[in-house]
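Read the structure below first, then the notes.
In each ligand, atom 1 is the first atom listed, and ligand 1 is the first ligand listed. The model shown is predicted, which means the values in this text are computed figures rather than measured ones.
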Amino acid sequence: MADKNDKDEGTVKGAFYVDTECIGCGMCAETAPDNFRMNDGGDLAIVFKQPENVDERNVCEEAKDACPAEAIGDDGE
Ligand code: SF4
């Protein structure tokens with residue numbers, strides 16, 4: 001389970017975040033490209049924009065549920 005106290009640097013403030021357990025597989029950036037992207041080094045994902053509507057929230061939830069490292073949380077701030 002993702003830990004909001006261990007957020008990846010670069011994730012914007014809000015509910016969704018990536019923690020440092022991310023293994024850089026890229027799945028979330030493909031699933032929810034309006035909200036997740038890989039960092040400049042390409043090794044960790046970040047949330048660059050929080051979901052702004054139901055559709056975006058749904059794909060963010062989908063990415064969270066499918067993350068192989070359980071590195072995505074939705075209880076951040
Ligand atoms: S799906 Fe999970 S492990 Fe893969 S890049 Fe996204 S946060 Fe990292």
Tell me whether Cys67 has at least one N, O or S atom under 2.8 Å from atom 2 (Fe) of ligand 1. yes
Stepwise side-chain contact (heavy atoms from CB on, under 4.5 Å) test for Asp74 and Glu61: CA-CA 8 Å; Asp74 65 355; Glu61 286 286 350; 3.0 Å; yes
Under 3.5 Å, is there a donor-acceptor pair between the Thr20 and Asp6 side chains? yes
Is there a side-chain contact between Val47 and Val18 (heavy atoms, below 4.5 Å)? yes
In the protein, which heavy atom is nearest to atom 3 (S) of ligand 1, and how far is it? Ile23 N, 3.4 Å
Is any side-chain heavy atom of Ile72 closer than 4.5 Å to one of Cys28? yes
Tell me whether Lys49 is salt-bridged to Glu56, with the criterion being a basic N under 4.0 Å from an acidic carboxylate O. yes
Judged by modelled atom types alone, do Asp75 and Tyr17 share a side-chain donor-acceptor pair under 3.5 Å? yes
Return the residue, atom name and 0.1 Å-rounded distance of the protein heavy atom closest to atom 5 (S) of ligand 1. Gly26 N, 3.2 Å
Numbered atoms of ligand 1 (with element) below 4.0 Å of Met27, judged on heavy atoms: 1 (S)
How far is atom 4 (Fe) of ligand 1 from its nearest protein heavy atom, and which residue and atom name does that atom have? Cys25 SG, 2.3 Å
Among all protein non-hydrogen atoms, which one is nearest to atom 6 (Fe) of ligand 1, and what is the separation to 0.1 Å? Cys28 SG, 2.4 Å
One finds that the ligand 1 atoms under 4.0 Å from a non-hydrogen atom of Val18 are 7 (S)
Identify the closest protein heavy atom to atom 8 (Fe) of ligand 1: which residue and atom is it, and at what distance? Cys22 SG, 2.3 Å
Minimum side-chain heavy-atom gap Gln50-Asn35 below 4.5 Å: no
Going by the 4.0 angstrom heavy-atom rule, the piece of Ile72 near ligand 1 is side chain
